Trainee: 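Here's a structure for you.
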Amino acid sequence: MAQPQAQSERRTNWTNLLFFTLTPLASLILAPLYVYYNGLSWGLVTFFLVCFAISNLSITCGYHRYFSHRSYEVHPFIRWLYVFFGSGAFQGSVLQWSTDHRRHHREVDTDNDPYSINKGFWYAHLGWILLTEDPRHTHLRCHDLEKDKFIVWQHKHYPWIATFVGFFLPGLVAWAIGLGFWAGVIFGGALRIVVSNHSTFFINSACHYIGRQPYTDTNTARDSFIMAILTFGEGYHNFHHMFQADYRNGVRWYHWDPTKWWIGTLSFLGLASKLKRVSKEDILKAKLQMEEKLLVAKGASIEYVASLRQKVVEAQARARALHEELKRMKSQMEASIQGSAAAVKFAQIKRDSRQATEDFRNAYAQWLAYQRAFQPVRVR
Ligand SMILES: [Zn+2]
Ligand SMILES: [Zn+2]
């Protein structure tokens, strides 16, 4: 059996190093130059923001919550859009991204975590991408995704698809709407890629650094509203690491989570289904446990806090059970009301039908009688 190679055997990934150095550099030089010579229009700003949103949502809704966590089902066309526009974000193929991400959840904060925060903020943010893959993990893949021909096709042709969608397509669209090809390449391509990438990279770095831990302290993930704004809703990272199957990261309706809202909109339109949600009971249980820990750490009586927490859990369970019972009874009542209403309507239609047949017979009989009695009028 081959011995695992040391992590120090990882070398500089020159392709990534060049890409992640040249794109910010090109953006920093070309974007101000373009604005200096051509001015900044609302059209260009809107174009940049739309490209940015498409790119980010393809990663957060597609690569992350759909492909990596399977937190909902989606229409094949939307799935295709995720793969297509996700390629243009220049964060790797779905297969590679999901492999790394699933390992991050499985091995969070350990040496096997591909972007462990314990190796430093910048390592978790970008440093890990600038190194070749750890030889110990190159054989690891997501077997479910490997069976998917479309995903394997994207993985195989990723550099070409990424270049086309990431640079050429924004240029083409910008040219078609009158902004100019190079405006598209600079703003919808290079600058958008830089901003979009760092927005995602913050999830691996700052989201394990800034904020609170309301649900678990068994890992470094944190919840932060500021980070949620910067990451399209992925900033509720403590919740996400605790309940990774949930399609939401911001669990309350007012939590800033455009990714969750997009998935909700797709579901409303019938383009997404089977949205996974963790029960309110499980969420509260985790939250209470963390709060209990903090109270005890602050000196509260362990027995008293535990009994109080138990009381809340039991009260919630009883309230939930009664609520479910009430819902069941209501639906039964509605069904019986609907049943009797239908029966009344059926009887009414039956009576009306008999009357209509009688009316028809009478009318026809009258018609026949009239025919018989009718005397032709003589023309003079
Ligand atoms: Zn994480
Ligand atoms: Zn995740």
Side-chain angles (χ1 to χ4, degrees), residues 52-86 89 91 94-95 97-106 108 142-145 148 150-151 196 199-204 207-208 211-216 219 221-225 227-287 320:
F52 174 55
I54 291 174
S55 189
N56 266 37
L57 287 174
S58 300
I59 295 294
T60 58
C61 294
Y63 273 42
H64 186 213
R65 299 193 201 179
Y66 175 67
F67 287 111
S68 298
H69 292 297
R70 296 287 188 195
S71 62
Y72 62 105
E73 290 299 325
V74 80
H75 189 278
F77 178 65
I78 303 293
R79 199 170 161 279
W80 183 87
L81 288 180
Y82 286 160
V83 175
F84 186 71
F85 288 111
Q91 292 185 19
V94 169
L95 193 59
W97 204 102
S98 300
T99 301
D100 291 333
H101 192 70
R102 286 182 191 178
R103 187 150 56 87
H104 168 63
H105 276 272
R106 222 173 33 241
V108 64
C142 304
H143 298 300
D144 56 322
L145 295 174
D148 191 321
F150 184 47
I151 296 301
S196 180
S199 163
T200 305
F201 299 162
F202 271 137
I203 304 163
N204 304 334
C207 290
H208 280 265
R212 295 166 54 246
Q213 296 184 298
Y215 304 101
T216 180
N219 62 67
R222 284 160 191 274
D223 272 17
S224 157
F225 170 69
M227 291 320 301
I229 289 180
L230 294 175
T231 58
F232 274 61
E234 306 275 33
Y236 300 100
H237 206 53
N238 188 258
F239 176 86
H240 177 59
H241 267 274
M242 188 67 185
F243 304 111
Q244 55 173 296
D246 201 304
Y247 84 95
R248 308 159 297 175
N249 275 16
V251 73
R252 308 300 293 267
W253 67 268
Y254 53 82
H255 282 171
W256 181 263
D257 189 354
T259 304
K260 156 187 88 178
W261 294 327
W262 169 255
I263 298 167
T265 307
L266 286 180
S267 165
F268 177 74
L269 296 172
L271 296 169
S273 60
K274 296 180 185 165
L275 277 56
K276 288 182 193 158
R277 279 167 172 263
V278 177
S279 74
K280 282 181 183 170
E281 287 72 26
D282 285 343
I283 294 169
L284 185 72
K285 224 177 260 176
K287 202 164 168 284
R320 162 63 64 165

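Computed from a predicted model, the values in this text were never measured in an experiment.
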Trainee: Quick check, are the ring centers of W253 and W261 under 6.0 angstrom apart?
Mentor: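 Between W261 and W253, which both carry aromatic rings, the centre distance is not below 6.0 Å.
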
Trainee: List the atom of T231, the atom of T60, and the distance in Å for their closest heavy-atom pair.
Mentor: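 T231 and T60 have their closest heavy atoms at O-CG2, 4.0 Å.
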
Trainee: Is there a donor-acceptor pair closer than 3.5 Å between any side-chain N or O of N238 and the backbone N or O of A221?
Mentor: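 Indeed, once roles are kept as given, a pair shorter than 3.5 Å links the two residues.
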
Trainee: With the side chain counted from C-beta on, respond yes when F67 and V83 share a heavy-atom pair under 4.5 Å apart, and no when they do not.
Mentor: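 F67 vs V83: side chains touch.
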
Trainee: Please report the shortest heavy-atom distance between L145 and L95, naming the atom on each side.
Mentor: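 So the two residues come closest at CB-CD1, 3.7 Å.
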
Trainee: Does the plane of the ring in F84 sit parallel, tilted or perpendicular to the ring in W80? Use 30° and 60° as the thresholds.
Mentor: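 Plane angle under 30°, so parallel.
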
Trainee: Where do C142 and S98 come nearest, in terms of heavy atoms and distance?
Mentor: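 In terms of heavy atoms, the two residues are closest at SG-C, 3.7 Å.
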
Trainee: Does the pair D257/R65 count as a salt bridge with the N-to-O cut at 4.0 Å?
Mentor: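 Looking at R65 together with D257, the answer is yes, because their closest N to O distance falls below 4.0 Å.
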
Trainee: For the pair Y247 (side chain) and R70 (backbone), establish whether a donor and an acceptor sit closer than 3.5 Å, ignoring hydrogens and angles.
Mentor: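 No; judged by distance alone, with no hydrogens or angles, the pair does not exist.
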
Trainee: Is a donor on one side and an acceptor on the other found under 3.5 Å between the side chain of H69 and the backbone of S71?
Mentor: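 Checked: no pair found.
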
Trainee: Report yes if the side chains of S68 and W97 come closer than 4.5 Å at any heavy-atom pair, otherwise no.
Mentor: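 S68 reaches W97 side chain to side chain.
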
Trainee: Ignoring hydrogens and geometry, is there a side-chain-to-backbone donor-acceptor pair from N249 to G235 under 3.5 Å?
Mentor: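 Checking the backbone N and O of G235 against the side chain of N249, no donor-acceptor pair under 3.5 Å is found.
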
Trainee: Test side-chain contact (heavy atoms from CB on, under 4.5 Å) on M227 and H237; report intermediate values, then the result.
Mentor: CA-CA 9 Å; M227 291 320 301; H237 206 53; over 6 Å; no

Trainee: With a 4.5 Å cut-off on side-chain heavy atoms, are S199 and F201 touching?
Mentor: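 Not in contact.
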
Trainee: Flag yes if more than 12 heavy atoms outside K276 fall under 6.0 Å of its NZ atom; otherwise flag no.
Mentor: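 Atom NZ in K276 is crowded, with more than 12 foreign heavy atoms closer than 6.0 Å.
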
Trainee: Going by atom types only, do E234 and T259 share a side-chain donor-acceptor pair under 3.5 Å?
Mentor: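 Looking only at side-chain atoms, T259 and E234 do not form any donor-acceptor pair under 3.5 Å.
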
Trainee: Distance from Q244 atom CD to R102 atom CZ, nearest 0.5 Å?
Mentor: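 It comes to 9.5 Å.
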
Trainee: Checking side-chain contact (heavy atoms from CB on, under 4.5 Å) for the pair I263/L275: CA distance, chi angles, key distance, verdict?
Mentor: CA-CA 8 Å; I263 298 167; L275 277 56; 3.9 Å; yes

Trainee: Name the residue from H240, H64, H241 that meets the ring-ring contact (aromatic ring centres under 6.0 Å, His included) definition with H104.
Mentor: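 That would be H241; it is the only one of H240, H64, H241 passing the ring-ring contact (aromatic ring centres under 6.0 Å, His included) with H104.
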
Trainee: Compare every heavy atom of G211 with every heavy atom of R222, then report the nearest pair and how far apart it is.
Mentor: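 Residues R222 and G211, closest heavy atoms: NH1-O, 2.9 Å.
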
Trainee: What heavy-atom pair brings S58 and G86 nearest, and what distance separates the two atoms?
Mentor: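 The pair with the smallest heavy-atom distance is CB-N, 3.5 Å.
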
Trainee: Calculate, to the nearest 0.5 Å, the distance between atoms NE2 and CG belonging to H75 and L81 respectively.
Mentor: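 Result: 10.5 Å between the selected atoms.
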
Trainee: Does the ring centre of Y72 sit less than 6.0 Å away from the ring centre of Y66?
Mentor: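 Yes, close enough.
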
Trainee: To the closest 0.5 Å, what do you measure between CZ (F202) and OG (S224)?
Mentor: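 It is 11.0 Å, given to the nearest 0.5 Å.
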
Trainee: Is D246 reaching over with its side chain to a backbone N or O of R277, donor-acceptor style, under 3.5 angstrom?
Mentor: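 Answer holds: no.
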
Trainee: When you measure from the side chain of H255 to the backbone N and O of V251, does any donor-acceptor pair fall under 3.5 Å?
Mentor: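 Checking the backbone N and O of V251 against the side chain of H255, a donor-acceptor pair under 3.5 Å is found.
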
Trainee: To the nearest 0.5 Å, what is the distance between CD1 (I54) and CD1 (I59)?
Mentor: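 If we round to the nearest 0.5 Å, I54:CD1 and I59:CD1 are 13.0 Å apart.
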
Trainee: What is the minimum heavy-atom distance between F225 and Y236, and which atoms define it?
Mentor: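 Heavy atoms only, the tightest pair is CD1-OH, 3.7 Å.
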
Trainee: Taking atom CG of L266 and atom SG of C61, what is their separation to the nearest 0.5 Å?
Mentor: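 One finds 7.0 Å between CG of L266 and SG of C61.
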
Trainee: Is the backbone N or O of V94 less than 3.5 Å from a side-chain atom of Y82, with the two atoms forming a donor-acceptor pair by type?
Mentor: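 The answer is no, because no donor-acceptor pair under 3.5 Å joins these two groups.
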
Trainee: Indicate yes or no for a side-chain donor-acceptor contact from N219 to the backbone of V108 under 3.5 Å, with no hydrogens or angles considered.
Mentor: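 Looks like no, no N/O pair under 3.5 Å.
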
Trainee: Using a strict threshold of under 4.0 Å (side-chain N to carboxylate O), is an ion pair present between D282 and K287?
Mentor: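 A salt bridge is absent here (no side-chain N lies under 4.0 Å from a carboxylate O).
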
Trainee: State the CG-CZ distance between D223 and F239, to the nearest 0.5 angstrom.
Mentor: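 The CZ atom of F239 is 8.5 Å from CG of D223, to the nearest 0.5 Å.
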
